[in-house]
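One structure is given below, encoded as structure tokens.
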Amino acid sequence: MIHKAEEQGFKPSARTFQASISYGQTYTADRLEVKGYLQAKDIKPLIEEGGSILLDSPTGSAKTTSVIDAFQEIASKQKHFYVFACPTVALTDQVANDHSLRSVKGQTERVMANAMRDARQGKRVFVSTYDKVPALIEHLRRVYPELTFTLAIDEYHKLVSDYDYRYRAISDLKAVQGQAENVLALSGTPEDIDKNEFDRVVKVNTGRNGSPCNEFGVYTFEYRKNALTEITELLKVRVQHHGWRVIVYMQSKANIDRVKQALRKAGIKTHVIDASKKSNSEYKNIVENGTIDDDVQVLLTTNVIADGVSIYNDWIGK
């Protein structure tokens with residue numbers, strides 16, 4: 001559509017997402033058969049081959065772990081770096097913590113200084129939020145002008161779905177993507193991704209491609225003003241009468257606070273995680289251990305832990 005509009009004289013603004021202009025399939029499509037979970041040995045040939053690859057692999061197939069493990073096995077003290085880009089701070093923290101790596105995030109002056117110190121000490125693998133990847137590469141180039149790098153972008157579909165409100169960070173990341181020697185894009189939901197921007201698309205079959213979600217329901221409300229009250233009552237029924245433990249994603253902190261107070265009055269143990277509460281114990285527990293306290297009945301959160309963050313409690317999915 002953008003291509004046709006440009007033919008008629010349309011001049012795209014800086015905020016216009018530039019989709020690849022192509023006709024028909026230009027990429028090579030391959031399948032990768034694995035038993036259960038991806039491992040570093042499956043990923044290393046893809047990295048060593050070079051070029052740009054979209055890895056279409058289902059949720060829970062160990063995409064992140066296998067890529068980071070492959071990076072660490074391949075990395076040497078030469079001037080080639082490996083950057084794993086994550087869409088959120090929470091996922092960046094969790095991935096970095098799981099693999100004992102530096103997380104590059106936030107606005108503090110020490111972030112890049114610490115990363116450069118690691119680089120001088122021979123470390124070549126970094127985990128970064130999307131928005132910090134350009135600055136990380138820029139700082140590394142000041143020390144290693146001839147550096148090359150491999151870039152893995154987790155949750156790659158977010159570059160499409162989040163573009164409207166994260167256009168600057170995503171545009172800058174796409175620019176850096178074009179400078180990488182190798183690109184490995186990871187997604188379990190690649191339907192909206194323009195696959196023609198890649199040399200290869202590798203579809204992973206783990207033999208366990210069913211959804212980890214055992215039950216899915218949609219609840220609608222006749223009157224919007226009654227939504228919070230009805231959600232609260234629904235949660236009470238599910239927790240108190242059916243024994244559910246529930247994670248609820250809500251965008252409004254004010255609504256989260258109202259639901260929290262109502263649930264706590266009903267004797268339901270409710271915790272909250274949002275961007276202002278990243279220092280609390282619940283957030284740290286998820287990031288560092290991948291778990292929620294077992295006595296928590298309802299977790300209310302914004303999308304701060306929505307994208308790719310793993311939670312390993314035995315009761316999840318039951």
Side-chain angles (χ1 to χ4, degrees), residues 37-40 43 57 59-75 81-133 135-136 139-140 149-156 158 169 173 184 186-188 212 247 249 271-294 296 299 301-316:
Y37 300 96
L38 285 164
Q39 299 179 43
I43 301 299
S57 189
T59 298
S61 58
K63 294 188 292 293
T64 298
T65 296
S66 60
V67 171
I68 294 288
D69 287 348
F71 279 180
Q72 292 180 313
E73 290 180 20
I74 295 173
F81 291 81
Y82 299 84
V83 180
F84 191 92
C86 301
T88 65
V89 170
L91 183 56
T92 302
D93 281 339
Q94 187 174 68
V95 172
N97 183 76
D98 286 349
H99 298 276
S100 301
L101 295 171
R102 174 77 61 190
S103 63
V104 182
K105 60 178 186 181
Q107 302 298 326
T108 64
E109 294 180 3
R110 298 300 305 168
V111 169
M112 292 303 165
N114 290 335
M116 294 309 100
R117 184 182 62 212
D118 287 352
R120 290 187 180 96
Q121 292 174 353
K123 296 182 180 179
R124 294 294 180 263
V125 182
F126 294 91
V127 182
S128 172
T129 52
Y130 283 178
D131 62 311
K132 288 299 175 184
V133 172
L136 174 61
H139 279 75
L140 288 171
F149 64 96
T150 294
L151 177 63
I153 304 177
D154 201 12
E155 308 290 338
Y156 193 84
K158 303 295 287 183
L173 179 61
L184 190 58
L186 313 179
S187 180
I247 301 175
Y249 293 95
H271 282 195
V272 172
I273 297 177
D274 59 40
S276 66
K277 295 181 172 61
K278 288 183 180 178
S279 61
N280 71 14
S281 60
E282 202 66 60
Y283 177 84
K284 290 182 178 179
N285 199 28
I286 289 175
V287 168
E288 295 175 4
N289 305 311
T291 58
I292 300 169
D293 289 345
D294 281 331
V296 172
L299 179 64
T301 182
T302 60
N303 62 3
V304 69
I305 63 167
D307 297 311
V309 174
S310 298
I311 301 174
Y312 301 111
N313 293 69
D314 291 340
W315 49 264
I316 295 292

request  = Could I get the full list of side-chain hydrogen bond (donor to acceptor under 3.5 Å, both in side chains) partners for Q72, not counting sequence neighbours?
outcome  = none
Nearest non-hydrogen partners of A96 and S103, listed with the distance = CB-CB, 3.6 Å
remark   = dist L91:CG -> K105:NZ (nearest 0.5 Å) comes out at 12.0 Å
Approximate separation, where rounding is to 0.5 Å, of L186 CG and S66 OG = 7.5 Å
ask   = CG of N97 to OG1 of T92: how many Å apart, nearest 0.5 Å?
value = 12.0 Å
request  = Take T150 and L184 through the side chain to side chain contact (heavy atoms under 4.5 Å, CB included) test and state the conclusion after the steps.
outcome  = CA-CA 8 Å; T150 294; L184 190 58; 5.7 Å; no
ask   = How many angstroms lie between atom OG1 of T88 and atom CD of Q94, to the nearest 0.5 angstrom?
value = 9.0 Å
query = Mind checking what makes side-chain hydrogen bond (donor to acceptor under 3.5 Å, both in side chains) contact with R102, not counting sequence neighbours?
reply = D118
key: Test side-chain hydrogen bond (donor to acceptor under 3.5 Å, both in side chains) applied to D69 - qualifying residues, sequence neighbours left out   = none
task = List in chain and number order the residues that pass side-chain contact (heavy atoms from CB on, under 4.5 Å) with A115, two or more places apart in sequence or in another chain; answer none if no residue qualifies.
result = V104, F126, L136
note = Taken to the nearest 0.5 Å, the spacing of L173 CG from I153 CD1 works out to 4.5 Å
Under the ring pair (Phe, Tyr, Trp, His ring centres under 6.0 Å) test, residues paired with F71 that sit two or more places apart = Y82
key: All side-chain hydrogen bond (donor to acceptor under 3.5 Å, both in side chains) counterparts of S128, not counting sequence neighbours   = none
remark   = What one should report as the nearest heavy-atom pair of A75 and R124 is CB-CB, 4.0 Å
inquiry  = Between N114 and R110 (side chain of the first, backbone of the second, donor and acceptor by atom type, cut-off under 3.5 Å), is there such a pair?
reply    = yes
message = As an exercise, state the distance from CZ of R117 to NZ of K123, rounded to the nearest 0.5 Å.
response = 8.0 Å
remark   = The side-chain contact (heavy atoms from CB on, under 4.5 Å) partner of H99 among T65, V125, V127 is T65
inquiry  = Minimum heavy-atom separation for Y130 and D154, please, with both atom names.
reply    = OH-O, 2.6 Å
remark   = Here the pair of heavy atoms bringing V296 nearest to L299 is CG1-N, 4.3 Å
message = I'd like to know if the side chain of K63 reaches the main chain of S187, judged simply by a donor and an acceptor atom lying under 3.5 Å from each other, with no hydrogens or angles considered.
response = no
key: Check: I247 and T301 side chains under 4.5 Å, non-hydrogen atoms   = yes
